[in-house]
Amino acid sequence: MDVSQIIDELNPAQRQAVSSTDQHLLVLAGAGSGKTRVLVHRIAWLVRAQRISPHALLAVTFTNKASREMRERIQHLLGVSPQGMWIGTFHGLAHRLLKAHWQDAGLSENFQILDADDQLRLIKRVYTTLGIDPERWPHRQAQWYINSQKDEGLRAGHIQPTSDPFTSAMLQVYRGYEEACQRGGVVDFGELLLRAHELWLNKPDLLHHYQQRFAHILVDEFQDTNAIQYAWLRLLAGGGATVTAVGDDDQSIYGWRGARIENIQNFVRDFGDVQTVRLEQNYRSTATILNAANAMIARNVGRMGKTLWTAGQDGEPISLYAGFNEQDEARFVAERIEDWTTQGNSRHSAAILYRSNAQSRVLEEALLRAQIPYHIHGGHRFYERLEIRNALAYLRLLVNPNDDAAFERVINTPTRGIGDKTLQQIREQARQRRVSLWQAAEHTLPQLAGRAANAVDGFQQLVTSLRDETVDLTLGEIAEHMLQRTGLLEFHRLEKGERGQTRVENLGELITACQGFEVQDITQPPLPQFLDEAALDAGDRQAERDEDAVQLMTLHSAKGLEFPLVFMVGMEENLFPHKLSSEEPGRLEEERRLCYVGITRAMQKLYMTFAEVRRLYGGENYNPVSRFVRDIPAQLVQEVRLSGSVTRPTTYAKNAPRKGMRGKGNSDSGADTGLGLGQQVQHKVFGEGVVLNFEGNGAHARVQVNFHKAGSKWLVLQYANLQPL
DNA sequence: AAGGCAAATGTTTTT
DNA sequence: CATTTGCCTT
């Protein structure tokens with residue numbers, strides 16, 4: 001391909017960024033300004049025009065999704081995959097380094113990654129060992145403390161002991177936790193970054209090697225980097241590499257989890273010789289929407305400064321609706337979506353954005369009532385489900401029996417008569433001998449009662465023989481065999497009713513995932529690689545499902561997405577800006593950026609809604625309209641009071657059976673079934689529920705039912721034998 | 001070891 | 001209000 005092709009289709013600012021030859025480059029990329037495009041084209045330009053080997057390029061993102069997208073687009077643009085280039089998340093790249101240099105990093109070869117859940121369990125254990133009272137300092141607080149310290153690049157040893165009882169308790173826990181991790185050969189997310197940084201600090205030769213290798217470092221979402229990530233980048237770039245940082249200070253919404261917006265300003269100061277390019281032309285939204293966003297964000301101080309503009313139309317005004325209460329608000333949204341789809345638009349082109357997850361409920365109920373299929377983003381992901389985590393724990397033990405978190409999780413799952421007392425003894429033994437639980441278990445055997453000793457011994461033999469039996473098997477076979485031999489499959493199958501079935505299905509999906517897994521390194525066994533991927537990429541894989549449904553999500557998770565029609569609901573003081581964030585000026589500014597993110601998601605039409613009365617936590621709240629709404633120039637906003645809308649507060653009896661709904665000709669409703677969306681149904685095991693969704697037709701038709709007791713489930717229509725109520 | 005009850009506790013989330 | 005947690009009982 002021709003070099004000019006990489007450049008020609010860009011606007012002047014984009015072109016300037018892509019072909020910058022200054023030492024460093026800061027791209028301030030406004031929402032919808034072609035940020036990823038610039039990044040991808042710059043990489044292509046470096047390879048094609050500058051003749052830089054992909055081997056000398058490193059591109060780092062924040063999420064797996066972003067790095068996948070970047071890889072695909074580079075491949076698309078270059079026509080070939082960029083062999084030798086490092087593309088990944090901060091955590092992914094750190095992991096790659098630690099795997100390659102595990103000895104220099106002071107890790108065991110098969111170190112495992114601890115996720116948030118296992119981390120909390122481990123912390124609980126440390127509490128018990130140290131005799132710290134979780135009533136006084138909740139476990140979660142310690143978890144938060146440890147993670148924040150790691151985000152800042154601080155180990156327990158770096159922190160000055162104080163007389164402050166909180167700090168000294170937290171420090172004690174931090175220390176004990178560090179030891180437990182080291183002993184178990186596990187590493188949490190923060191530790192990946194911290195260790196990768198220390199690896200380079202401690203091994204200058206290694207650092208030098210990587211500094212020499214990477215001539216260009218490209219960073220996406222730079223405003224989201226935390227202290228340790230920034231330090232890591234500085235170290236790597238210290239050998240003269242060129243850094244391209246792409247970000248938007250106005251979209252920094254993760255300060256509360258360690259992201260440092262000031263890294264953008266510091267970049268110019270710390271790196272010197274930085275060319276700054278602003279991408280301000282927006283290709284997403286109408287001028288009205290952009291003007292609203294610009295006006296709102298202008299209230300923040302200390303910005304790098306940026307004003308979005310478009311060559312496109314003004315578009316429709318922003319509609320503001322004052323609901324009488326949250327029910328009315330939700331009803332309004334549902335009606336507007338009905339109008340939208342009636343006009344021939346798809347449902348998935350509409351999104352409802354809210355500040356906190358709790359708000360989704362009323363909206364769901366309204367959509368259900370209106371028979372509008374919806375999809376909620378967020379919630380449990382595949383690898384976070386209990387049964388999957390149990391299965392993974394067994395697999396982890398196969399790789400590394402000293403993994404205490406895995407050991408604790410499954411020593412009595414399925415139940416095999418190992419109670420708390422036995423476990424306590426093993427823990428005590430482990431503490432005394434400073435060994436892993438697995439090792440301690442062997443030492444504890446003699447002092448256990450016959451039955452308990454048998455059970456523990458049986459467990460260890462199970463794991464050991466499982467390891468022997470699976471050496472020559474493929475990953476899929478290992479998973480399948482493990483599920484059988486451990487009895488996990490049976491255990492979950494026998495779980496009462498509803499849950500069991502889903503869990504067995506999920507375990508089946510796990511086997512499928514194992515079968516389809518592609519190893520990174522063919523010289524290494526697949527299992528550890530699979531476990532690493534499971535830990536580092538919680539797999540939004542099934543979000544790809546392309547049912548035509550309205551998208552519901554928090555403002556945070558909407559970042560990076562765009563929708564023709566957007567609703568920002570709950571535009572009320574105390575809700576948004578959230579009460580807990582409206583006190584401090586800094587946090588309020590972050591809320592405002594969140595609002596900016598929300599507004600700039602909208603392509604054609606934006607609705608903002610609020611409720612005059614909102615039931616929350618039992619009480620009635622009369623929140624004033626959000627200050628953010630008042631920040632938008634009045635001429636851009638149209639206040640809505642549709643004729644035919646309710647003139648008094650409406651309340652709906654929850655789950656009340658509705659009349660006249662059966663057999664309505666909804667195209668998605670599997671017309672011959674007698675069931676429609678929103679239909680109340682009865683299932684002989686799960687009880688009563690409401691039909692949420694349909695999928696497929698004929699013998700393959702499946703129906704999603706939200707059971708009052710059992711929660712939401714997908715059933716095969718053919719077998720479900722649902723009775724309409 | 002599972003189920004039931006009382007008490008606490010209510011942002012945002014990736015890796 | 002409603003969900004989740006943890007303690008207590010069978």
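Chain naming here is simple, since letters A, B, ... match the order of the sequence lines and numbering starts at 1 in each.
Here the two rings, on A:Phe407 and A:Phe459, have centers that are under 6.0 Å apart.
Residue A:Leu580 contributes atom CG, which lies 9 Å from atom P of B:dG10 at whole-angstrom precision. Rounded to an integer number of Å, the gap from A:Gln359 CD to B:dG10 P is 17 Å. Following rounding to the nearest Å, A:Tyr383 (OH) and B:dT13 (C1') show an atom-to-atom distance of 20 Å. Rounding to whole angstrom units, CG of residue A:Asp133 and P of C:dG6 are separated by 13 Å. Taking atom CG of A:Asp117 as the reference point, atom C1' of B:dT14 lies 15 Å away to the nearest angstrom. Residue A:Glu135 contributes atom CD, which lies 13 Å from atom P of B:dA7 at whole-angstrom precision. Look at CG on A:Leu353: it is 14 Å from P on B:dT12, rounded to the nearest Å. Atom C1' of nucleotide B:dT11 and atom CH2 of A:Trp256 are separated by 8 Å, given to the nearest angstrom.
Here the side chains of A:Leu536 and A:Thr89 are not in contact, with every heavy-atom distance at 4.5 Å or above. Counting only heavy atoms from C-beta outward, the side chains of A:Phe90 and A:Leu233 approach each other to under 4.5 Å.
Among the nucleotides B:dT15, B:dT11, B:dT12, the one closest to any side-chain atom of A:Phe189 is B:dT15. Comparing B:dT11, C:dT3, B:dA2 by their nearest atom to the side chain of A:Arg361 picks out C:dT3.
For A:Asp250, the side-chain hydrogen bond (donor to acceptor under 3.5 Å, both in side chains) partners at least two apart in sequence or on another chain are A:Arg303, A:Lys306. In this view, A:Val362 and A:Glu326, A:Gln327, A:Ala330 satisfy the side-chain contact (heavy atoms from CB on, under 4.5 Å) rule, not counting sequence neighbours.
Results of the side-chain contact (heavy atoms from CB on, under 4.5 Å) test with A:Glu572 over A:Arg355, A:Glu612, A:Arg614 single out A:Arg614 as the only residue that passes.
Residue A:Asn412 is classed as a sugar-phosphate contact, given heavy-atom separations below 4.0 Å to backbone atoms only. In this structure, A:Asn357 reaches the sugar-phosphate backbone alone: every heavy-atom distance under 4.0 Å involves primed, P, OP1 or OP2 atoms, never a base. Among the atoms of the strands shown, base atoms are found under 4.0 Å from some heavy atom of A:Arg587. Using a 4.0 Å heavy-atom criterion, one finds that A:Asp224 contacts no nucleic acid atom at all. Heavy atoms of A:Glu590 sit nowhere under 4.0 angstrom from any nucleic acid atom.
With the nearest nucleotide of DNA chain B identified for both A:Thr63 and A:Leu594, A:Leu594 has the one nearer the 5' end. Nearest-nucleotide assignment on DNA chain B puts the 5′-proximal partner with A:Pro138, out of A:Pro138 and A:Leu192.
The P atoms of B:dT14 and C:dT3 are separated by 23 Å, rounded to the nearest whole Å. Taking the P atoms as reference points, B:dT13 lies 22 Å from C:dA2, given to the whole Å. Nucleotides C:dT4 and B:dT11, compared at atom P, are 12 Å apart to the nearest Å.
A:Arg587 forms no cation-pi arrangement with A:Trp256, by the criterion of a distance under 6.0 Å to the ring centre and an angle within 45° of the ring axis.
OP1 and OP2 of B:dT11 both lie 4.0 Å or more from every side-chain N or O belonging to A:Thr554. Between A:Thr415 and B:dA1 there is no side-chain polar atom (N or O) within less than 4.0 angstrom of OP1 or OP2.
Judged by atom type and distance alone, A:Ser356 does not reach the base of B:dT12 through any side-chain donor-acceptor pair under 3.5 Å.
At a non-hydrogen distance threshold of 4.0 Å, A:Tyr617, A:Gly618 from residues 613-627 of chain A come into contact with DNA chain C.
Atom-to-atom distance recorded for A:Glu364:CD and A:Leu552:CG is 6.5 Å, nearest 0.5 angstrom.
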